[in-house]
Amino acid sequence: MKHEKDDTTLLPILKDQYGRIKRKLRISVTDRCNFKCIYCMPEHPEWIKKQDLLSFEALLVFCQYMVKQGIENIRITGGEPLMRQGVVHFIRDLQSLRALGLKRISMTTNAHYLAKYAEQLKQAGLDDLNISLDSLDANQFKQLTKKELAPVLNGIEAAKKSGLPFKINCVLMKGQNDDQILPMVKWAKQHDIPLRFIEFMPLDGDQHWSNQAVVSEAEILEQLKPHYDIQPIQQHHEPARQYQLDGQYCIGIISTITHSFCGECDRIRLTAQGELYNCLFAQQGLNIKPYLFDVVRQLGQEKVIDFQQLDLQIKPYIWNKAKGYHAIQHQQARKISMHMLGG
Ligand code: SAM
Ligand code: SF4
């Protein structure tokens, strides 16, 4: 039900007009990526200029404000977050926000550089990882991403060794990698790795998305049915719908297109140049950069936020979040895609 009045600026809480409280913040630390996944990256990306990226210093003060407003989980994403220099250090700096209520610090990565970084991320205090892996077939993987599979598998091994908990995310596209459903499940089950399939969303860089390219949750289950006894599991505020296979192993399916979870959405997203998005499909973001300042104090220069102004902008912006994907899917095309929004 829609509330009549926007009175959220008075509260230390981020709530929208449908009563959804925001607990999760995704921060894209760069739009750059060494992969070119066909469901994500445009053929000719125009990268954000380095000088236009929000500095880690600015991000830290922003995160501090957001945690004070009730954000409990921060996920670092991109582009490819491990391509931004200083990201491990940033994760270490975020630890100071645990005292204010931050509960989890996570990262989503393509794992290409993970063999180098897994241990460092663990030492810096990262809680967990989501790793994207869309095919176990090296040729198909290269077709989908324009990169090699082997470094990703090495990255997954390194994550295991470091003890960092992780999940695998697999985006399915019809005619591209829908033959990977069974191999991916067998592989993940054998290695006891949590696996989630993701329905292809209309967020690809060159806007080639069509409904025909989506492999739906129903189609995924149909392919698995001859091989496993499948039982749905009760969901607990998770975007992924969970299924138990043969009474032992679980998979998740994030079916934004066929079963949107917008009704429970507790996420907001920040792009690498400082635009806040109240929804993956929002027509417009809110530029928070004007509220971040450099001030000179006794011990040197420091980043601060004009909290009052930020509050006055952010809360109504979040309040006005649309009902969800189905309410806004027919809007005009935007120039922003997943490599900028961070997934
Ligand atoms: N580069 C990192 C990675 O690939 O894991 C992090 C950024 S990526 C944009 C975050 C997530 O968004 C990945 O799991 C990716 O598979 C997913 N993604 C990208 N484009 C998508 C689309 N059009 N539909 C569904 N998921 C998408
Ligand atoms: Fe890069 Fe991730 Fe997008 Fe693939 S999904 S192009 S790895 S940002």
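Both counts, for ligands and for their atoms, begin at 1 and track the order of listing.
When hydrogens are left out, the protein atom nearest atom 1 (Fe) of ligand 2 is Cys33 SG, 2.3 Å; that is the closest non-hydrogen contact. Looking only at protein heavy atoms, the nearest one to atom 4 (Fe) of ligand 2 is Cys37 SG, 2.3 Å.
By the criterion of a heavy-atom distance under 4.0 Å, the backbone of Thr109, and not its side chain, is placed next to ligand 1. If you look at Thr108 next to ligand 1, the close heavy atoms, those under 4.0 Å, come from the backbone and the side chain alike.
Using a cut-off of 2.8 Å, one finds that Cys40 contributes no N/O/S atom close to atom 1 (Fe) of ligand 2.
The closest approach between Gly79 and ligand 2 falls below 4.0 Å for a heavy atom of the residue. Under a 4.0 Å heavy-atom criterion, Gly79 is in contact with ligand 1.
In the hydrophobic clustering (ILVMFWY side chains linked at under 4.5 Å, chained through shared members), Ile233 stands by itself.
Judged by a 6.0 Å distance limit and a 45° cone about the ring axis, Arg84 is not positioned over the six-membered ring of Phe90.
Remark: of the listed residues Asn177, Asp134, Asp204, Thr145, Asp134 is the sole one forming a side-chain hydrogen bond (donor to acceptor under 3.5 Å, both in side chains) with Tyr39.
Considering CD1 of Ile314 and CD of Gln309, their distance stands at 11.5 Å, rounded to 0.5 Å. The CG atom of Leu102 sits 9.0 Å away from the OG atom of Ser96 when rounded to the nearest 0.5 Å.
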